[in-house]
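Written out below as structure tokens is the structure these notes cover.
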Amino acid sequence: MATTILNHPLIEHKLTIMRNKETGTKEFRQNLDEIAMLMAYEVTKGLPLKNIEIVTPICPMTGKQLVRPIILVPILRAGLGLVEGFKTIIPTAKVGHIGMARNEETLEPEEYYAKFPACLDEADVIVVDPMLATGGSACAALQNIKKRGAKYIKLACLVAAPEGIEMIEKNHPDVDLIVAALDEKLNEKGYIVPGLGDAGDRLFGTD
Ligand code: URA
């Protein structure tokens, strides 16, 4: 499938506020919410529709309805920051959760929490995580979601490094990847450069 880099003027404006280290928790969250709404519009652009017959106050007509239900899956914990904005635009979306953490012995990402709505295999699943750095956690999360039956999957990220995009394209060519902004590189600590720092810490006010 395809990778899309949104490069939308409103998103770039709001993302710059988020990137600024002087921006506090409240403004960071607010801008992430607003960007998530804009992303939800873009991410859902290609969803399949079916015809339905309705009657307007004027006459009968053939209208459109989404073919499948939508399930949002934030990757814990930073992915939670994108959920409200997506839900504002898609209020009927169900929400699954997946928590991925690095196993300090194997250094591989491991699932520590997962809970999904029942219809995962029939749904359009939108996995959300603000930062696509090495792509390791997102890649493992996608694999685990597929193992549970998901077939129609999109991954939506706010900021990506080229390494993360390559990882997803190589390991999950069937997943549509939508990224709001493509950054330069990863640094030696695995942070995206220029990035915005640790998205989870900035979102939840931890450090
Ligand atoms: N996760 C983050 O929160 N920020 C980065 O720059 C990379 C991974």
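Order of listing sets the numbers, starting from 1, for every ligand and every atom in it.
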| So is G190 close enough to ligand 1, meaning a heavy atom under 4.0 angstrom away? | yes
| query | Any idea which part of A133 is under 4.0 Å from ligand 1, heavy-atom wise: side chain, backbone, both or neither? | reply | side chain
| Nearest protein heavy atom to atom 3 (O) of ligand 1, by residue and atom, and its distance? | A199 N, 2.7 Å
| For ligand 1, is P130 a contact, meaning one of its heavy atoms is under 4.0 Å away? | no
| Do E42 and T4 have a side chain donor and acceptor closer than 3.5 Å? | no
| said: Polar contacts were defined as any N/O atom of the residue lying under 3.5 Å from an N/O atom of the ligand; does this apply to I192 and ligand 1? | reply: yes
| field | Presence of salt bridge, D201 and R77, under 4.0 angstrom | value | yes
| task | State whether F116 and R148 meet the cation-pi test: NZ (Lys) or CZ (Arg) under 6.0 Å from the six-membered ring centroid, and within 45° of the perpendicular axis. | result | no
| remark: protein heavy-atom neighbour closest to atom 1 (N) of ligand 1 works out as M131 CB, 3.7 Å
| field | Distance (rounded to the nearest 0.5 Å) between L107 CG and R102 CZ | value | 5.0 Å
| task | Would you mind checking if R19 and D183 are paired as a salt bridge, meaning a charged N to carboxylate O distance below 4.0 Å? | result | yes
| remark: Between I168 and G135, the two heavy atoms sitting closest are CD1-O, 4.1 Å
| With a cut-off of 4.0 Å, which atoms of ligand 1 are near a heavy atom of G197? | 2 (C), 3 (O), 4 (N), 5 (C), 6 (O)
